[in-house]
Amino acid sequence: QVQLVESGGGLVQAGGSLRLSCLASGRTFSNYAMGWFRQAPGKEREFVTAISWSGRSTYYADSVKGRFTISRGNAKNTMYLQMNSLNPEDTAVYYCAAKSGSVASIESKAYNYWGQGTQVIVSS
C-alpha cells in the first residue's frame, strides 16, 4: 500500500503561481511512477503531467506544457508540481497518483494509488 497526501493548493490570481506537493508513505517511493491529474466541477478527471520513477522522463498535457513542471525527490518521498502563469481554466481539484513500475502513464486507469486531492482556485 502507498498513501499519498497532497498539499499546496489554494486561491491565486490569474497569472500567479502555486507549488503542489505530494508526500508518499508506505512503500519505496522510487519504485513508482507518479502523475498529477485534475478534475474541474462538472468535468471528468483529466491528465495533467506524469514522471517516471527515475525522474528522467516526463509527460505533459498540451494545456499545461510550458507552464507546469513536474519533479520528484525520491530521498524525500515527495513529488512536486510547479504551476506558473495560472489561468481560471486551471481551477480544479488536483490529485497525485502512483503506479507500480518505472514507466509513467497518461491514463488514470494505470494508477493504483490516489491521494485525496487539493483544491486550486484561480480567480480572474
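Fair warning: this is a prediction, and the values are worked out from it, not measured in the lab.
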Just by distance, do the side chain of T91 and the backbone of V122 share a donor-acceptor pair under 3.5 Å?
-> yes
Donor-acceptor pair, R67 side chain versus S85 backbone, under 3.5 Å?
-> yes
Considering residues, nucleotides and ligands other than K65, do more than 12 of their heavy atoms fall under 6.0 Å from its NZ?
-> yes
Hey, is CD on Q116 packed in by over 12 heavy atoms from elsewhere, all under 6.0 Å?
-> no
With under 30° as parallel and over 60° as perpendicular, where do the rings of Y95 and W114 fit, or are they tilted in between?
-> perpendicular
Given side-chain contact (heavy atoms from CB on, under 4.5 Å), test M34 with T49 step by step and report yes or no.
-> CA-CA 9 Å; M34 303 290 293; T49 180; over 6 Å; no
Are any of the side-chain heavy atoms of M83 and Y94 separated by less than 4.5 Å?
-> yes
How far apart are the closest heavy atoms of Y111 and S105, and which atoms are they?
-> OH-O, 2.5 Å
Trace of the side-chain contact (heavy atoms from CB on, under 4.5 Å) decision for L20 with T118 = CA-CA 8 Å; L20 306 184; T118 185; 4.0 Å; yes
Quick one: does L81's side chain get under 4.5 Å of T69's, heavy atoms only?
-> no
If we only count heavy atoms from C-beta on, is the V120 to L18 side-chain gap below 4.5 Å?
-> yes
Any side-chain heavy atom of I51 sitting closer than 4.5 Å to one from M79?
-> yes
Could you give the distance from CG (L86) to CD1 (I121), rounded to the nearest 0.5 Å?
-> 12.5 Å
Quick one: are Q1 and Y113 in side-chain contact, heavy atoms under 4.5 Å?
-> yes
Just how far is it from atom CG of L4 to atom CG of L23, taken to the nearest 0.5 Å?
-> 8.5 Å
Does Q82 reach the side chain of S17, with side-chain heavy atoms less than 4.5 Å apart?
-> yes
Any idea which heavy atoms bring A92 and R38 closest together, and the distance?
-> CB-CB, 3.8 Å
Would you check if F68 and D90 make a side-chain contact, meaning some heavy-atom pair closer than 4.5 Å?
-> yes
N/O donor-acceptor pair under 3.5 Å between T78 side chain and K76 backbone | yes
Return yes if some donor-acceptor pair links the side-chain N/O of Q119 with the main-chain N/O of G10 below 3.5 Å, else return no.
-> no
Are F47 and F37 close enough that their ring centers fall under 6.0 Å?
-> yes
Flag this pair as yes if the NZ/CZ of R72 is under 6.0 angstrom from the six-membered ring centre of F29 and inside a 45 degree cone about the axis; otherwise no.
-> yes
S52 side chain near S102 side chain, heavy-atom distance below 4.5 Å | no
Taking the side chain from E6 and the backbone from G117, do they hold a donor-acceptor pair closer than 3.5 Å?
-> yes
Non-hydrogen atoms of I70 and W36 that approach each other most closely | CD1-CD1, 3.7 Å
